[in-house]
Engineer: 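The structure that follows is given in the form of structure tokens.
In this chain, numbering begins with 1 at the start of the sequence shown. All values derive from a computational prediction rather than experimental measurement.
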Amino acid sequence: MRPSAFNVRVPIANGEVFLLNTLTDAQAVVSDDVVALLDRLASDTTRDPAVAQDERKALEPLAKNGFLVRDLSSERAALESYFAAFREDASQLRITILTTLQCNFACDYCYQGDHAGAATPAERMSIGTATQVAAWIAKQVEDVQPDRLVLTFFGGEPLMNVPAMFEIAGRSSKHAASRGVTQLVNIITNGLLLTPRIVECMTPLGLTGVKVTLDGDRETHDRMRPLRGGQGTFDRIIENIRRVAPLVPVTIGGNFDMETADRYPALLDFLKEQDFAGRIVKVAFKPTIKPQARPGRVIPLAPVEFVERPLNGSCMTAAGPSTGRSSAVGTGSPCDSCNFLDDKMTLLREETQRRGFAAPDGLHMGPCELYRRHSHTIGPDGSLYACPGFTGEFALAVGHIDGRREAERAAASRRFEGLAPWRQCGDCPFIPVCGGGCAVAAHAELGDMDAPSCHKRSFETALVSLAEDTAREQAGGLQ
């Protein structure tokens with residue numbers, strides 16, 4: 001037996017050591033003697049290292065939970081099987097729908113419209129296309145036969161096209177119910193158009209939560225996420241959250257850069273004082289992705305009204321907790337782990353938890369939804385994409401809801417099918433919870449979606465936080 005390549009450890013204050021196996025997700029608090037034994041097994045090059053009877057007894061639960069493996073080659077095969085099982089999982093059919101790439105905000109960092117291969121940006125999804133989308137989803141339900149159908153409405157600003165959202169959710173709900181499939185719906189919104197009426201209409205169709213984006217305290221948010229005319233939006237969004245919070249669970253998200261990250265603690269203090277604080281189920285901030293400078297590739301979004309300053313693309317705000325094994329069933333999270341800045345993410349996670357709000361643990365961040373065969377993104381024109389982050393980049397569309405067969409889309413589909421950036425990550429112990437990182441970030445920042453987008457340091461700091469939390473909750477043993 002050999003120690004697993006996916007064991008990670010953190011010394012904790014009581015003199016013991018926290019162990020985590022990222023492939024099995026087993027966690028343990030063990031003594032220094034056990035750690036020393038693991039180190040001896042790792043360094044012993046004999047086929048069957050000598051282990052005393054009492055040592056063997058101590059190792060049995062570790063072997064059962066994946067901390068010890070027969071050999072590293074078989075474990076590597078187990079890793080490939082893990083990714084294959086993740087890809088083929090049919091228990092959920094997950095569809096992200098961008099009903100529009102339009103937005104009523106003018107965020108400076110908005111970049112998703114930076115796409116090549118299209119003369120004009122997609123605008124609003126028509127009701128006719130929405131009906132076709134619902135029919136396509138129904139066919140997927142028939143083919144996959146999932147337990148749950150998870151719809152995430154995204155944009156742009158999805159509440160700028162409520163009729164299309166109602167059309168898709170309503171038709172899909174009826175069909176899912178007729179097949180015994182549970183439909184769950186999430187809405188990702190900037191919050192400006194969020195009303196109790198929308199929530200009340202969507203709740204019978206499976207609405208389980210909304211995510212609203214706040215980019216810091218009032219001053220920071222109003223500067224980063226103004227209306228087209230430059231007006232602030234913070235106070236109106238907060239009032240909208242207050243009105244819908246009694247009706248639906250709310251997640252707060254936000255986008256930050258190095259200049260704005262330090263304004264989030266003030267936002268957290270503000271939220272903690274609000275009467276709806278108890279209805280906030282999670283707070284999850286993420287950095288903005290900085291694309292490479294690629295002249296001639298910016299395609300502005302269709303404007304809602306004439307403004308001198310064009311919008312650079314649709315919003316990359318994500319919904320809900322991560323899609324990893326620790327996440328709640330049915331909560332959508334397109335690209336929730338994209339490109340996090342290590343130190344700031346750790347600081348904001350700790351500040352969030354210190355104020356009593358739930359936050360992603362920073363460790364169970366993947367693999368990405370992109371690697372699920374039964375996870376799809378649909379653009380406003382009915383084009384299919386592997387991930388919301390590629391929506392509108394028509395050269396990377398993998399199909400269309402009308403079934404058209406085009407060589408370029410087929411080639412893109414094959415390329416995404418073959419993506420496996422984790423195979424370039426060597427012996428990194430975080431591969432099972434990272435999967436090589438975010439393909440959108442790699443594409444935008446590195447110009448190569450096949451390359452790993454590595455933020456190992458962030459996983460290491462998140463591991464320390466998890467170890468400290470576990471040490472407080474248990475005195476020892478496996479969990």
Engineer: Classify the side-chain pair Ser91/Asp147 by whether it contains a donor and acceptor separated by less than 3.5 Å.
Structural biologist: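 Side chains of Ser91 and Asp147: no pair found under 3.5 Å.
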Engineer: Check whether the side chains of Ser458 and Thr461 place a donor and an acceptor atom closer than 3.5 Å, and report yes or no.
Structural biologist: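 No - no donor-acceptor pair under 3.5 Å links their side chains.
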Engineer: Show your working on salt bridge (charged side-chain N to carboxylate O under 4.0 Å, His left out) between Glu239 and Arg236 and close with a plain yes or no.
Structural biologist: CA-CA 5 Å; Glu239 182 56 31; Arg236 290 171 61 183; over 6 Å; no
Engineer: With Arg355, which residues qualify under side chain to side chain donor-acceptor pair (under 3.5 Å), at least two apart?
Structural biologist: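 Here the qualifying residues are Asp269, Glu351.
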Engineer: List in chain and number order the residues that pass side chain to side chain donor-acceptor pair (under 3.5 Å) with Asp262, two or more places apart in sequence or in another chain; answer none if no residue qualifies.
Structural biologist: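 Per chain and number, Asp262 pairs via side chain to side chain donor-acceptor pair (under 3.5 Å) with Lys344.
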Engineer: Looking at Phe18, is Arg9 sitting on its ring face, NZ or CZ under 6.0 Å from the six-membered ring centre and within 45 degrees of the normal?
Structural biologist: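 Checked: cation-pi criterion not met.
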Engineer: Who passes side chain to side chain donor-acceptor pair (under 3.5 Å) against Thr377, sequence neighbours left out?
Structural biologist: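 Thr377 satisfies side chain to side chain donor-acceptor pair (under 3.5 Å) with no other residue.
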Engineer: Restricting to ring-ring contact (aromatic ring centres under 6.0 Å, His included), what partner residues turn up for Tyr371, sequence neighbours left out?
Structural biologist: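 Result, ring-ring contact (aromatic ring centres under 6.0 Å, His included) vs Tyr371: Trp422.
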Engineer: Could you name each residue pair satisfying ring pair (Phe, Tyr, Trp, His ring centres under 6.0 Å) that touches residues 210-231, not counting sequence neighbours?
Structural biologist: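 As it turns out, the ring pair (Phe, Tyr, Trp, His ring centres under 6.0 Å) pairs with a partner in residues 210-231, which skip direct neighbours, are His221-Phe234.
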Engineer: Report yes if some heavy atom in the side chain of Val398 is under 4.5 Å from a heavy atom in the side chain of His376; otherwise report no.
Structural biologist: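 Heavy-atom side-chain distance check fails, nothing below 4.5 Å.
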Engineer: Check this for me: Arg197, atom CZ, are more than 12 non-hydrogen atoms of other residues, nucleotides or ligands nearer than 6.0 Å?
Structural biologist: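 Atom CZ in Arg197 is not crowded, with 12 or fewer foreign heavy atoms closer than 6.0 Å.
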Engineer: Please identify each residue that fulfils side chain to side chain donor-acceptor pair (under 3.5 Å) with Gln183, with sequence neighbours left out.
Structural biologist: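 Side chain to side chain donor-acceptor pair (under 3.5 Å) check on Gln183 returns nothing, list empty.
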